[in-house]
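These notes are about the structure you will find just below.
Residue numbering restarts at 1 for every chain, and letters A, B, ... go by the order of the sequence lines.
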Protein chains: 2
Amino acid sequence: MLSHKSKYALKAALVLAKEYGQGPVLISDIAQREAIPRKFLELILLELRNRGVLQSKKGKGGGYFLGRPPSKVTLGEILRDTEGPLAPIGCVSQFAYVRCEDCRDERTCGIRMVMKDVRDATARILDSTTLADVLKRVETTVSGASQRPHKLPAEFA
Amino acid sequence: MLSHKSKYALKAALVLAKEYGQGPVLISDIAQREAIPRKFLELILLELRNRGVLQSKKGKGGGYFLGRPPSKVTLGEILRDTEGPLAPIGCVSQFAYVRCEDCRDERTCGIRMVMKDVRDATARILDSTTLADVLKRVETTVSGASQRPHKLPAEFA
DNA sequence: AGCTAAGTCGATTTAATCGATAGACTGTGC
DNA sequence: GCACAGTCTATCGATTAAATCGACTTAGCT
């Protein structure tokens, strides 16, 4: 399950993506727009900045902004920064491999095989989806929704 | 990330799958074979039993055993019992839906759309993989490995 | 019946993590 | 130099994860 921290991070990143090219955005602005506790958001943005996803400017007229265009920032990158590895288990992580202490033989571990499949499936989605992709997808949903307003909610399909 | 609890649960279930039809297996046996803290394993097995995955027998000659054939128990079921929902976020869970308190409009939430894809991909794998599948996969890996022993380890591909 | 094997159950401990907040510090622009 | 806005460090309470202890109950055996 995604932590609040990560959800906040994604929301904030999406705001900055939408505002990309318009100059810095205040922490307080983001906090208010997305209903995120101000002080908590500070920490999150700081971390994303230190990881190179965001940049910031101090003083008057300062704030946060994306360090790269929205089409160059993937959800996978952000989630790895805030949640840690995408892999459900350390021994199948590509970027943060850790051996299972008690594992006899990694090559023949059934759990590992299945978890590798899960990791690959998740990574395939999250590493190929950029902030720009998400914005676009939302936009087409919004405009498309007004044309067929009473469609069955997808969440109960 | 998978908790130890879930990893232990999967390991134990695989032992019971391998031993299926051979009568009850002692908690202590499973604990020793898989290097799981005995007392902790008790709790886990008990939970899986109360959920209907396992059955148990008390007294001499007692122990734990699968309640159904290994081909009828999926990893998804076990993981839901020990970890909770497979979904990365409550609002995309099929069996344990919970609304995001602060969500304006679920239908147009970009994060939700992507997380739904992730959930579906994970569930597709875990709900279609049974204990029998895992045992079989391990076995073919073991026998296959001796025929081409120096193949590049898949984990570094 | 009585002994023993084995699972059951409840309480507790310890350490780690999560979500959140406070306050002092640093750099920027005017 | 003053106000603005991000930076950094510390802390706090609540929850959870992982593990452990001890007492209890049930089943089989003789």
Atom CG of A:L43 and atom P of C:dA22 are separated, to the nearest Å, by 13 Å

Among residues at least two apart in sequence or on other chains, which ones pass side chain to side chain donor-acceptor pair (under 3.5 Å) with A:R38? A:S28, A:E42

Contacts satisfying ring pair (Phe, Tyr, Trp, His ring centres under 6.0 Å) that involve residues 9-38 of chain A (not counting sequence neighbours) are none

Taking for A:K39 and for A:S6 the nucleotide of DNA chain C with the nearest heavy atom, the one nearer the 5' end belongs to A:S6

Write down the atom of A:T130, the atom of A:S71, and the distance for their closest heavy-atom approach. CG2-O, 3.3 Å

Round to a whole Å and report the spacing from CG of A:L2 to P of C:dC18. 12 Å

Separation of C:dT21 P from A:I27 CD1 (nearest whole Å): 15 Å

B:D102 and A:K11: CA distance, side-chain angles, deciding distance, side-chain contact (heavy atoms from CB on, under 4.5 Å) verdict: CA-CA 12 Å; B:D102 57 333; A:K11 282 184 167 191; 2.6 Å; yes

Using a 4.0 Å heavy-atom cut-off, does A:L45 contact any base of the nucleic acid, only the sugar-phosphate backbone, or nothing at all? nothing

Show me the donor-acceptor pairs, under 3.5 Å and distance only, between side chains in residues 74-92 of chain A and residues at least two apart or in other chains.
unit_1: A:T74; atom_1: OG1; unit_2: A:E77; atom_2: N; d: 3.1
unit_1: A:E77; atom_1: OE1; unit_2: A:R68; atom_2: NH1; d: 3.1
unit_1: A:E77; atom_1: OE1; unit_2: A:R68; atom_2: NH2; d: 3.4
unit_1: A:E77; atom_1: OE2; unit_2: A:R68; atom_2: NH2; d: 2.8
unit_1: A:R80; atom_1: NH1; unit_2: A:D127; atom_2: OD1; d: 3.0
unit_1: A:R80; atom_1: NH2; unit_2: A:D127; atom_2: OD2; d: 2.9
unit_1: A:T82; atom_1: OG1; unit_2: A:S6; atom_2: OG; d: 2.9
unit_1: A:T82; atom_1: OG1; unit_2: A:I78; atom_2: O; d: 3.2
unit_1: A:E83; atom_1: OE2; unit_2: A:S3; atom_2: N; d: 2.9
unit_1: A:E83; atom_1: OE2; unit_2: A:S3; atom_2: OG; d: 2.3
unit_1: A:E83; atom_1: OE2; unit_2: A:S6; atom_2: OG; d: 2.7

Taking 4.0 angstrom as the limit, do A:D120 and A:K116 come out as a salt bridge? yes

Which pairs count as ring pair (Phe, Tyr, Trp, His ring centres under 6.0 Å) when at least one residue sits in residues 109-132 of chain A, sequence neighbours excluded? none

Side chain to side chain donor-acceptor pair (under 3.5 Å) partners of A:Q32, counting only residues at least two apart: none

Residue whose nearest DNA chain C nucleotide is more 5′ - A:S3 or B:S28: B:S28

Can you tell me if A:Y8 touches the phosphate of C:dA20, counting only side-chain N or O atoms and a distance under 4.0 Å to OP1 or OP2? yes

Expected output is a numbered-order residue list: members of residues 13-23 of chain A with a heavy atom under 4.0 Å from any atom of DNA chain C. What is it? none

If the condition is side chain to side chain donor-acceptor pair (under 3.5 Å), which residues does B:R119 pass it with, not counting sequence neighbours? none

Nucleotide C:dC18, atom P - distance to CD1 of A:I44 in whole Å: 12 Å

Can you measure B:E42 atom CD to C:dA6 atom P for me and round it to whole angstrom units? 13 Å

Atom CG of A:L46 and atom P of C:dT26 are separated, to the nearest Å, by 15 Å

A:R38 has an atom CZ; how far is it from atom P of C:dA22, in whole Å? 12 Å

Would you tabulate the nitrogen or oxygen pairs shorter than 3.5 Å linking the protein to nucleotides 28-30 of chain C?
none

Checking side-chain contact (heavy atoms from CB on, under 4.5 Å) for the pair A:V134/B:I111: CA distance, chi angles, key distance, verdict? CA-CA 8 Å; A:V134 178; B:I111 297 174; 5.7 Å; no

Please state how far atom CG in B:L54 lies from atom C1' in C:dG7, giving the value in whole angstrom units. 13 Å

Ring pair (Phe, Tyr, Trp, His ring centres under 6.0 Å) partners of residues 25-65 of chain A, not counting sequence neighbours, each pair once: A:Y8-A:F40

Between protein and nucleic acid, restricted to nucleotides 13-16 of chain C and to nitrogen or oxygen atoms under 3.5 Å apart, what atom pairs and distances do you find?
none

If you walk 5' to 3' along DNA chain D, what is the first nucleotide with an atom under 4.0 Å of a heavy atom in chain B, and what is the last? D:dA18 to D:dG28

Rounded to the nearest 0.5 Å, how far does NZ of A:K136 lie from OG1 of A:T141? 11.5 Å

Could you give all pairs that pass the salt bridge (charged side-chain N to carboxylate O under 4.0 Å, His left out) test and reach residues 54-64 of chain B, with sequence neighbours left out? none

For the pair B:E106 and B:R112, find out whether any cationic side-chain nitrogen is under 4.0 Å from an anionic carboxylate oxygen. yes

